[in-house]
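What follows is a short report on a single structure.
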Amino acid sequence: MSEQTTETADVQAFRSTDTPLTQDQLAQVIAEDIAPGSFVNLGIGQPTTVSNYLSPEKKVTLHTENGMLGFGPQATGEQVDEDLINAGKIPVTELPGASYFHHADSFAMMRGGHLDVCVLGAYQVSATGDLANWSTGKPGAIPAVGGAMDLAIGAKDTYVMMDLFTKKGDPKLLPECTFPLTGVGCVSRIYADKGVFLLDPSGVVTVRELHGITFEELQEQHPGVRFEKAGA
């Protein structure tokens, strides 16, 4: 977890709203938090939508593990080129200065610490930043490792974009993950529909913002996790 995360947590006070964020609103929050000039990988699924909200003025360079630097928002209509896709098989646009390279070079960038931020989905995240996002471990479950393990340990900051609860209402932020781990102590922030959370090795979760849930409800529904309000 980088020093940049801690500095940001120090200067932002806790805030809240009455309704959960939509997926597009959450993608916009993440895009606004990414520092100008960063090199960023957006994971398969919800994280790909972040690309639609990155302003050109920030000069953020997007990386995809199938071998491209410098793609832009998702392609639509006549922009779609079936040979130009990200790792999630989503058609993307090409920005000026974009480059292409071998798969092995792409993974060397990920493992070599050359990415500033990766944004990944998750089944579970622990209070100390452990990430589980490749298998539920249940019999018959289809594993999907992909490049997540390389990204989780190789990027300077790992952000998770997810719902705070499963469809059954179970919390996805836990004292300890029960599913097989992708990475240990790698997640620095969780961006969820009901809040933004800053993690560190202490296990105390700093709550930067809440949406559609009170601090008291949050604590009650996450037994074993200790929360503190940012700026408190």
Side-chain angles (χ1 to χ4, degrees), residues 1-9 26 29-30 33-34 40-47 50 65 87 107 110-139 141-210 213 218-230:
M1 302 178 190
S2 74
E3 294 181 356
Q4 180 185 11
T5 299
T6 302
E7 291 171 358
T8 303
L26 192 56
V29 171
I30 297 172
D33 280 357
I34 293 175
V40 178
N41 183 292
L42 302 175
I44 296 171
Q46 288 189 21
V50 175
E65 53 263 50
F107 273 72
M110 295 154 59
R111 296 170 182 170
H114 302 289
L115 297 178
D116 296 301
V117 177
C118 68
V119 185
L120 302 173
Y123 292 135
Q124 295 177 336
V125 180
S126 80
T128 55
D130 298 342
L131 170 66
N133 79 345
W134 68 279
S135 173
T136 62
K138 296 179 180 178
I142 301 173
V145 178
M149 291 182 179
D150 308 86
L151 289 166
I153 64 164
K156 295 169 186 171
D157 267 313
T158 296
Y159 298 171
V160 161
M161 182 179 184
M162 68 179 193
D163 290 335
L164 192 57
F165 299 94
T166 68
K167 293 180 180 178
K168 293 182 179 180
D170 298 323
K172 299 173 72 173
L173 171 57
L174 301 164
E176 295 182 2
C177 296
T178 59
F179 294 161
L181 294 184
T182 305
V184 175
C186 56
V187 178
S188 55
R189 301 187 190 189
I190 298 172
Y191 290 85
D193 55 339
K194 294 191 174 183
V196 176
F197 307 93
L198 312 177
L199 309 184
D200 65 48
S202 73
V204 179
V205 178
T206 301
V207 184
R208 195 183 80 178
E209 53 195 86
L210 290 178
I213 188 172
L218 175 75
Q219 185 67 78
E220 181 181 354
Q221 295 173 28
H222 291 81
V225 178
R226 179 183 170 188
F227 295 99
E228 288 185 353
K229 294 181 181 179

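Keep in mind that the numbers below use all heavy atoms, side chains included, and drop hydrogens, waters and symmetry copies. Keep in mind that what you see is a predicted model, and the values were worked out from it rather than measured.
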Thr182 versus Ala152, closest heavy-atom pair with distance: CG2-CB, 4.5 Å

Minimum heavy-atom distance Asp163-Lys172, with the two atoms named: O-CD, 3.2 Å

Residue Glu176 excluded, over 12 heavy atoms near CD under 6.0 Å: no

Whether Gln46 side chain and Gly121 backbone form a donor-acceptor pair below 3.5 Å: no

Ile213 side, atom CD1; Lys194 side, atom NZ - distance, nearest 0.5 Å: 5.0 Å

Aromatic ring pairing Tyr123/Phe179, orientation class (parallel under 30°, perpendicular over 60°, tilted between): perpendicular

Nearest heavy atoms of Leu181 and Trp134, plus distance in Å: O-NE1, 3.1 Å

Worked verdict on Leu199 versus Val205 for side chain to side chain contact (heavy atoms under 4.5 Å, CB included): CA-CA 5 Å; Leu199 309 184; Val205 178; 3.8 Å; yes

Distance (rounded to the nearest 0.5 Å) between Met149 CE and Leu120 CG: 11.5 Å

Nearest-0.5 Å distance that lies between atom OG1 in Thr158 and atom CG in Leu115: 9.5 Å

Nearest atoms (heavy-atom pairs only) where Asp193 meets Leu26: N-CD2, 4.0 Å

No-hydrogen, no-angle side-chain donor-acceptor test under 3.5 Å, Tyr191 and Asp33: yes

Beyond-backbone contact of Val50 with Val40, side-chain heavy atoms, under 4.5 angstrom: no

Any pair counted as salt bridge (Lys or Arg N to Asp or Glu O under 4.0 Å), so long as it reaches residues 110-137, sequence neighbours left out: Arg111-Asp150, Asp116-Lys156

Separation of Asn41 CG from Leu151 CG (nearest 0.5 Å): 4.5 Å

Residue pair Tyr159, Ser188: steps toward the side chain to side chain contact (heavy atoms under 4.5 Å, CB included) verdict: CA-CA 6 Å; Tyr159 298 171; Ser188 55; 3.8 Å; yes

Interatomic spacing from CE in Met161 to CG in Leu42 - rounded to 0.5 Å: 9.5 Å

Nearest heavy atoms of Gln221 and Phe165, plus distance in Å: OE1-CZ, 3.0 Å

Minimal non-hydrogen separation, Cys177 against Ser126, with atom names: SG-N, 3.5 Å

Side chain to side chain contact (heavy atoms under 4.5 Å, CB included) between Leu218 and Leu164, intermediate numbers included: CA-CA 10 Å; Leu218 175 75; Leu164 192 57; 3.9 Å; yes

Point-to-point distance, once rounded to the nearest 0.5 Å, from CD1 of Ile30 to CZ of Arg189: 10.0 Å

Check against side chain to side chain contact (heavy atoms under 4.5 Å, CB included), Phe197 and Val225: CA-CA 12 Å; Phe197 307 93; Val225 178; over 6 Å; no

